[in-house]
Number of protein chains: 2
Amino acid sequence: MNEVKKESKQGKIRAQSEAKIIEAAQEEFILQGYKGATVQSIADRAGLPKANILYYFKNKENIYHAVLEHTLDTWDKGIGDIDPDQGPKIAIEKFIASKVRMSFQHPSSSKIYAMEIIQGAQHLKEFARTYLRKWVREKAALFQHWIDNGEMVDVDPYKLIFLIWSTTQHYADFEIQVLTVMNRAEYEEEDQEQVTAFLTDIILRGCGLK
Amino acid sequence: MNEVKKESKQGKIRAQSEAKIIEAAQEEFILQGYKGATVQSIADRAGLPKANILYYFKNKENIYHAVLEHTLDTWDKGIGDIDPDQGPKIAIEKFIASKVRMSFQHPSSSKIYAMEIIQGAQHLKEFARTYLRKWVREKAALFQHWIDNGEMVDVDPYKLIFLIWSTTQHYADFEIQVLTVMNRAEYEEEDQEQVTAFLTDIILRGCGLK
DNA sequence: AAATATTTTAACCTTATAGTCAAGTTGCTA
DNA sequence: TAGCAACTTGACTATAAGGTTAAAATATTT
């Protein structure tokens, strides 16, 4: 009973500072990598003295943990669950739309996650082994059900999920390449819609749903 | 005239050592990031003393450059050019097959490249602005031609190329996630074929080519 | 075989950085 | 408003890592 009260009271300044630090750290970790991001550079970006950073987080490793947690939170909140009753077409449409939205609204979270996986998922092995595996298994079963029912073409559900993940995240992780290749400075409003429309169109057709 | 001779003579030991170093460095850069990979760790992995590494490469930055060059070489050699006369179906099939092959045969090159792009493409901006942009533009024009000819469904060719890139590279870059989610230890022979078949199937259908 | 070029390596130096500490300041509670 | 807790911050320390050097060993050429 005390704990909650205490947390909510001490939270004022703490919560604000921690949020600032996590945001700054996220950018630094992306740009410089874990080792390359210095506590000083995080402090500079957050506009706080270094010692203050280490007052809120015991050490650099803990900052990184907080950034990863923040990333998973963002992911979790952003991906609406699939409703089995709505059928494959609506399910895939919604899934694509939410993933594209996440990529355009929270590219940094996507990048941090991608780097962590590429580098061997040292900190996310457990997450993948438990939460993610279960999530994918459930969704795959749903797709398989629709396939068995003749509601969509027979494709490997796991690979379909990977396809949707990869194509949507590409616009966040490879943002710079996409923009450079297309000779554009930054994404605009309509890009998100156009990407959603394109992916929905081609994937639905690929699944025999058009 | 002397230069070539000199190079070929001095190359014996040098070429071997450099190759060993580049391979070791590639793994270290992936696992630890640029700053996190130490010259010592590269030396250990290559089985050479640190000072020897710095005899062949002036400094760490140069090692990284060599790794990136090696990556671009690999990419360049591995991607067969599209023959305009063969039509969209064969073109896409071949493109997917070669990209999947690259992902399964040279995952480390894919990972290094991905990390470099995610981190802002500091060393590859020029490559993307010139070579890559031109490459994509040419291929996109080809697809557009086929679309105008009614040989395939009207989809944005740029986005189609990004889709093929992202879905194929996913199996290299996110290898660990794919394996973990599917509760597998490592890829097997048939995985490459199955992925190729799946992607070819769904993408061709998505392009109205099935 | 002598002379020259290349390669190997230990020891050393310098700098950058994670983390500590202690002294001060601000904010909250009774 | 007094006292306690939370916060702020400059100065300091230890260590790890990039890079240098010089001398020895090995290859290569003539």
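In this text the structure is predicted, and so the values were computed from the model without any measurement. What's counted below: heavy atoms across the whole structure, side chains too, no hydrogens, waters or symmetry copies. Naming: A, B, ... by sequence-line order, numbering from 1 per chain.
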Decide yes or no on side chain to side chain donor-acceptor pair (under 3.5 Å) for B/Ser108 and B/Glu27, but give the supporting numbers first.
CA-CA 7 Å; B/Ser108 293; B/Glu27 293 310 310; 2.7 Å; yes
Kindly state which residues belonging to residues 61-71 of chain B come within less than 4.0 angstrom of DNA chain D, counting heavy atoms of the residue only, listed by number.
none
Residues two or more places apart in sequence or in another chain: which of them pass ring pair (Phe, Tyr, Trp, His ring centres under 6.0 Å) with B/Tyr131?
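For B/Tyr131, the residues satisfying ring pair (Phe, Tyr, Trp, His ring centres under 6.0 Å) (neighbours in sequence not counted) are B/Phe127.
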Going by the rule ring pair (Phe, Tyr, Trp, His ring centres under 6.0 Å), which residues pair with A/Trp135 if we only count those two or more places apart in sequence or in a different chain?
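Checked A/Trp135 against ring pair (Phe, Tyr, Trp, His ring centres under 6.0 Å); matches are A/Trp75, A/Phe95.
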Integer-rounded Å distance: [N] [atom2] and [X] [atom1]:
X       : N      : atom1 : atom2 : value
B/Arg14 : D/dT28 : CZ    : C1'   : 15 Å
B/Tyr56 : C/dT9  : OH    : P     : 10 Å
B/Lys12 : C/dT8  : NZ    : P     : 14 Å
B/Asn59 : D/dT20 : CG    : P     : 8 Å
B/Lys60 : D/dG19 : NZ    : P     : 8 Å
A/Ile13 : D/dC7  : CD1   : P     : 6 Å

What heavy-atom pair brings A/Met102 and A/Thr74 nearest, and what distance separates the two atoms?
CE-O, 3.1 Å
Distance-minimising heavy-atom pair for A/Ala25 and A/Ile63:
CB-CG2, 3.5 Å
Near B/Glu69 CD, under 6.0 Å, is it more than 12 heavy atoms from other residues, nucleotides or ligands?
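Open.
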Does atom CD of B/Glu188 have more than 12 heavy-atom neighbours, drawn from other residues, nucleotides or ligands, at distances under 6.0 Å?
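Count over threshold, so yes.
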Could you list the donor-acceptor pairs under 3.5 angstrom formed between side-chain atoms of residues 109-122 of chain A and any protein atom two or more places apart in sequence or on another chain?
from: A/Ser109; atom 1: OG; to: A/Gln26; atom 2: NE2; distance (Å): 3.4
from: A/Ser110; atom 1: OG; to: A/Asp173; atom 2: OD1; distance (Å): 2.7
from: A/Lys111; atom 1: NZ; to: A/Glu175; atom 2: OE1; distance (Å): 3.1
from: A/Tyr113; atom 1: OH; to: B/Gln177; atom 2: OE1; distance (Å): 2.4
from: A/Glu116; atom 1: OE1; to: A/Tyr64; atom 2: OH; distance (Å): 2.5
from: A/Glu116; atom 1: OE2; to: A/Gln122; atom 2: N; distance (Å): 3.2
from: A/Glu116; atom 1: OE2; to: A/His123; atom 2: N; distance (Å): 2.6
from: A/Glu116; atom 1: OE2; to: A/His123; atom 2: ND1; distance (Å): 3.3
from: A/Gln119; atom 1: NE2; to: B/Ile30; atom 2: O; distance (Å): 3.3

Members of residues 21-37 of chain A that approach DNA chain C, where some heavy atom sits under 4.0 Å away:
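When residues 21-37 of chain A is checked for heavy atoms under 4.0 Å from DNA chain C, the hits, listed by number, are A/Ala37.
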For DNA chain C, determine which residues of residues 39-55 of chain B have any heavy atom closer than 4.0 angstrom to one of its atoms, and list them numerically.
B/Pro49, B/Ala51, B/Asn52, B/Tyr55
How many angstroms lie between CD1 in B/Ile21 and CG in B/Asn62, if you round to the nearest 0.5 Å?
11.5 Å
Under 4.0 Å between a side-chain nitrogen and a carboxylate oxygen: does that hold for A/Asp73 and A/Lys77?
no
Salt-bridge test for A/Asp83 and A/Lys94: reply yes if a basic N is under 4.0 Å from a carboxylate O, no otherwise.
no
